[in-house]
S.K.: 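Sharing a structure here in structure tokens format.
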Amino acid sequence: DDLIKYVLGSYSERHGLAIQYLYELYALEKGRAAFQPAKPRYNKALQTLLRGLVDVDDSRYLTSVLAEAPVVDAESTTLVSELCEREDKRQVGLSCLRALIVHQPSWRTQCLSRLLHHTAAENESIRSPAVRLVANKLFPKPFLVASIQRFAVANLRRACQVEVDQEEGLEEEKKKEEKEGDKMETDGGEREKTEGADGGVVRHLMHLFLALCAQRHALLND
């Protein structure tokens, strides 16, 4: 699309034109919806614009398009998910998820679920920024509080269950060792390794809840 190529040539000065163009395309194709439900030209223009902005230094333009576009198609959300998986674009991807959650109601539930999933990831490089984003930027929004809190509490309960299972497993192992007459130091290293692994899982599950407690101390009493 020649106009999209034009605005990408100096996007900081032509952002308004890009959004206006998207709205005009959307209105044009929406008027034909009875005969052609899909919006191929609009979707193609949106995709071209988003992919052209991925490597622009100022990531705010990318999130602004997602926030201000009249509608966002599934391929655009797939692009956002891909950015979250790229280490060099992870923060941009998370910010895009935030834009979709806040400004695109039709994608809110799905994108919030993706973001919350990242808050319990084993990979700390994605878990920590996701937790900060949810706790500092999204949790204060009244229309998101219930979903975020429900997810955090559920993971806290899972963490507690992991600890219970770990203790029961160690107790069973101890009884087995005593019954077989094994020496305590024989499997001590393996047991310590298991504790460390489970402890890591517990931390992953508790990370978001603890961050939310810093925002709302009453959660500690729930």
Side-chain angles (χ1 to χ4, degrees), residues 46-47 49-67 69 72-141 143-163 165-166 193-216 219:
L46 178 61
Q47 283 297 311
L49 181 60
L50 292 175
R51 294 191 179 279
L53 291 172
V54 166
D55 294 318
V56 172
D57 291 337
D58 194 338
S59 63
R60 291 177 298 177
Y61 297 131
L62 184 60
T63 56
S64 293
V65 171
L66 290 169
V72 173
D73 63 329
E75 191 173 348
S76 297
T77 66
T78 299
L79 171 62
V80 171
S81 295
E82 293 172 356
L83 293 177
C84 291
E85 298 302 323
R86 288 176 52 181
E87 189 172 353
D88 62 326
K89 294 293 181 180
R90 185 161 292 158
Q91 191 60 56
V92 175
L94 294 175
S95 296
C96 288
L97 277 180
R98 176 196 173 197
L100 291 169
I101 292 166
V102 175
H103 299 287
Q104 298 290 348
S106 62
W107 289 103
R108 181 169 296 155
T109 299
Q110 182 174 332
C111 290
L112 180 59
S113 177
R114 291 181 189 178
L115 182 56
L116 290 175
H117 174 75
H118 290 318
T119 67
E122 292 186 7
N123 186 344
E124 187 177 357
S125 68
I126 190 171
R127 185 179 74 249
S128 292
V131 166
R132 288 193 297 270
L133 179 61
V134 171
N136 298 331
K137 301 296 184 180
L138 297 182
F139 191 55
K141 297 186 179 299
F143 59 92
L144 297 175
V145 168
S147 296
I148 294 172
Q149 185 169 315
R150 184 164 53 246
F151 180 87
V153 171
N155 269 356
L156 176 66
R157 289 172 177 162
R158 286 178 58 198
C160 293
Q161 186 59 49
V162 168
E163 289 185 330
D165 292 344
Q166 175 185 339
K193 181 179 180 181
T194 302
E195 287 186 42
D198 288 342
V201 173
V202 170
R203 286 194 296 274
H204 298 160
L205 297 175
M206 294 178 66
H207 196 163
L208 177 61
F209 181 83
L210 295 176
L212 297 184
C213 287
Q215 302 288 338
R216 182 172 297 184
L219 283 174

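For this chain, numbers begin at 1 and follow the sequence in order.
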S.K.: Show me the side-chain donor-acceptor pairs of residues 113-120 shorter than 3.5 Å, one per line, residues at least two apart or across chains.
M.R.:
unit_1	atom_1	unit_2	atom_2	d
R114	NH1	T77	O	3.1
R114	NH1	S81	OG	2.6
T119	OG1	L116	O	2.5

S.K.: Is the number of heavy atoms from other residues, nucleotides or ligands under 6.0 Å of E82 CD greater than 12?
M.R.: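 Result for CD/E82: enclosed.
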S.K.: Working note: L138 + V102, criterion side chain to side chain contact (heavy atoms under 4.5 Å, CB included); need CA distance, chi angles, decisive distance, verdict.
M.R.: CA-CA 8 Å; L138 297 182; V102 175; 3.8 Å; yes
S.K.: Determine whether L112 and V134 satisfy the following criterion, side chain to side chain contact (heavy atoms under 4.5 Å, CB included), listing intermediate values before the conclusion.
M.R.: CA-CA 9 Å; L112 180 59; V134 171; 5.6 Å; no
S.K.: After noting the C-alpha distance and the side-chain angles of V92 and R86, does the key distance pass the side chain to side chain contact (heavy atoms under 4.5 Å, CB included) rule?
M.R.: CA-CA 10 Å; V92 175; R86 288 176 52 181; over 6 Å; no
S.K.: In Å and rounded to the nearest 0.5 Å, what is the CD1 to CZ distance from I101 to F143?
M.R.: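 Those atoms lie 9.0 Å apart.
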S.K.: L97 versus L133: any side-chain heavy-atom pair under 4.5 Å?
M.R.: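 No, their side chains stay 4.5 Å or more apart.
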S.K.: Looking at R90, I want to see if its CZ is surrounded by more than 12 non-hydrogen atoms of other residues, nucleotides or ligands under 6.0 Å.
M.R.: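 Counting neighbours around CZ of R90, more than 12 heavy atoms of other residues, nucleotides or ligands fall under 6.0 Å, so yes.
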S.K.: Side chains of F139 and L144, heavy atoms from C-beta outward: is any pair under 4.5 Å?
M.R.: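 SC-SC contact between F139 and L144 ruled out.
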S.K.: Starting at CD of Q215, measure out to SG of C213 and round the result to the nearest 0.5 Å.
M.R.: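 Taking CD in Q215 and SG in C213, the distance rounds to 10.5 Å.
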S.K.: Roughly how far apart are L46 CG and S76 OG, rounded to 0.5 Å?
M.R.: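 L46 CG to S76 OG: 4.0 Å, rounded to 0.5 Å.
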S.K.: Atom CG of L212 and atom CG of L156: how far apart are they, to the nearest 0.5 Å?
M.R.: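 Between L212 CG and L156 CG, I get 10.5 Å after rounding to 0.5 Å.
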S.K.: What distance do Q91 atom CD and I126 atom CD1 have between them, rounded to the nearest 0.5 Å?
M.R.: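 So the CD of Q91 and the CD1 of I126 are separated by 10.0 Å.
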S.K.: Are any non-hydrogen side-chain atoms of N155 and L208 less than 4.5 angstrom apart?
M.R.: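 Sidechains of L208 and N155: no contact.
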S.K.: Can you tell if the side chain of R108 reaches within under 4.5 Å of the side chain of P105, non-hydrogen atoms only?
M.R.: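 The answer is yes; the side chains approach within 4.5 Å.
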S.K.: Pairs in or reaching into residues 125-137: which pass salt bridge (Lys or Arg N to Asp or Glu O under 4.0 Å), with residues at least two apart or in two chains?
M.R.: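 Every pair satisfying salt bridge (Lys or Arg N to Asp or Glu O under 4.0 Å) with a residue in residues 125-137: there are none.
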S.K.: Minimum heavy-atom separation for C84 to G93, with atom names?
M.R.: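 In terms of heavy atoms, the two residues are closest at SG-C, 3.4 Å.
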S.K.: Does any part of the side chain of Q47, heavy atoms only, come nearer than 4.5 Å to the side chain of D73, both counted from C-beta?
M.R.: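 Contact flag for D73/Q47 side chains = yes.
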S.K.: When you compare the side chain of L66 with that of Q104, does any pair of heavy atoms fall below 4.5 Å?
M.R.: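 A side-chain contact is absent here, since even the closest heavy-atom pair is not under 4.5 Å.
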S.K.: Calculate, to the nearest 0.5 Å, the distance between atoms CZ and CG belonging to R60 and L53 respectively.
M.R.: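 Here the rounded value is 13.0 Å.
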